[in-house]
Amino acid sequence: MDAYDLITRNVSEVVTDEEVRALADSPDGKRAYVGYEPSGVLHIGHMLTANKLIELQEAGFEVVVLLADVHAYLNDKGTFEEIRETATRMQEQFVAYGLEESQTEFVLGSEFQLDEEYILDLHALELETSLSRAERAMAEIASGDGATVAQAVYPLMQALDIVYLDVDLAIGGMEQRKVHMLARDALPSIDADAPTCLHTPLIADLTTGVGKMSSSEGLSLSMEDSESDIEEKVNKAYCPPTADPDPTDDGEERENPVLQIFEYHVFPRFGEVVVERPEKYGGDLIYDAYADLEADLESGELHPADAKGALATYLNDLIAPGREKIREQRN
Ligand code: NAL
């Protein structure tokens, strides 16, 4: 795959395509970054953007992971001390997951976000931004109901980080897109360039396929799940043997989270998928491309139960090193 294809594989959108093509022309030494609010354990959403970081490392990018401790504090995730402690654990879990340590720069937000120059630039952005714009940018990120002043400051700091970390490509899930659009509009007011952005898809709710999987409600998958937790959760997943987006005719558009996890997690990391089946059911199926697996599920050649069995096996392999790391961290 060439650099452009590696950068844009499995993404929901890039802003703008022209800017991404320019980066793809000379990716070596270019800097890409994702920020994460530190939390105790990586979940499948963290792992999805991490897959993109791993692909970008293959394309020659330097990868910066911002452990956004101040942001987590502003978003009411705990005391500063608690958040800092989880940041270190999170970093170790990313490395266990497969981020190449020698090619990854981990930065703690508070290392630079409390400097005088940063704070003055932040205040300049505050002058340029309406409260309603900041609030809209945070709609899919903010925890709790009722926006706080802290939550209005949050997206402006996220914008400023792109400048202070000197990155060429800002990455996030689709829930980050309004923050990035705000950054593109606001940063020129402090004489900084509008950042190029890349947004990854969100996985649907595991049991219904409606709405987004969330670590705060419904079933979610994380690095601390045991092998049997994963089997149980994947078994309960919504996976109709059809491509009809509304198979129950209830007017709800549903995604197939089992297929999404194959597409966004398993194929990017393993390249090939083997679905084991007894000879009497046709024997093993081997896929070297996601589209073939999807087509077989939709034609009936691949039964949902067999797809789920294979998915649980691969997911378990993906999280096993991180699960081991978490076990060490707790001892
Ligand atoms: C992501 C987050 C916080 C700060 C950032 C700064 C620069 C780039 C990305 C960043 C966390 C993210 C979340 N908003 O919802 O977890």
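Throughout, residue positions are numbered sequentially from 1 according to the sequence presented. Remember, it's 1-based here, ligands and their atoms both numbered in the order they're listed. Every heavy atom of this structure was used, including side-chain atoms; hydrogens, water molecules and symmetry mates were not.
- Below 30°, between 30° and 60°, or above 60°: for F94 and Y36 the angle between ring planes is between 30° and 60°, a tilted geometry.
- Salt bridge present: E55 and K52 bring a charged side-chain N and a carboxylate O closer than 4.0 Å.
- Atom 9 (C) of ligand 1 has its closest protein heavy atom at G35 N, 3.4 Å.
- Residue E175 does not touch ligand 1, judged by heavy-atom distances below 4.0 Å.
- Looking only at heavy atoms of the protein, atom 7 (C) of ligand 1 is closest to Y33 OH, 2.4 Å.
- An N or O contact shorter than 3.5 Å is missing between D161 and ligand 1 by distance.
- Close contacts of ligand 1 with E37, meaning ligand atoms under 4.0 Å from a residue heavy atom, involve 11 (C), 16 (O).
- Residue L66 touches ligand 1 through its side chain alone, judged by heavy-atom distances below 4.0 Å.
- A side-chain N or O of Y118 and one of D161 form a donor-acceptor pair less than 3.5 Å apart.
- Applying the 4.0 Å criterion to heavy atoms of Y154 picks out, from ligand 1, the atoms 11 (C), 12 (C), 13 (C), 14 (N), 15 (O).
- No side-chain heavy atom of V34 sits under 4.5 Å from any side-chain heavy atom of L66.
- Closest heavy-atom approach to atom 3 (C) of ligand 1 within the set A183, A68, A170: this belongs to A68.
- Residue contacts with ligand 1, taken as heavy atom pairs separated by less than 4.0 Å, involve Q158 via backbone and side-chain atoms alike.
- Ring pair Y314/F262: centre-to-centre distance not below 6.0 Å.
- Counting only N and O atoms by type, the side chains of Q176 and E140 include no donor and acceptor under 3.5 Å apart.
- For atom 15 (O) of ligand 1, the nearest protein heavy atom (residue, atom name, distance) is Q176 NE2, 2.8 Å.
- At a threshold of 4.0 Å, the pair K212-D205 does not count as salt-bridged, since none of the basic side-chain nitrogens sits closer than that to a carboxylate oxygen.
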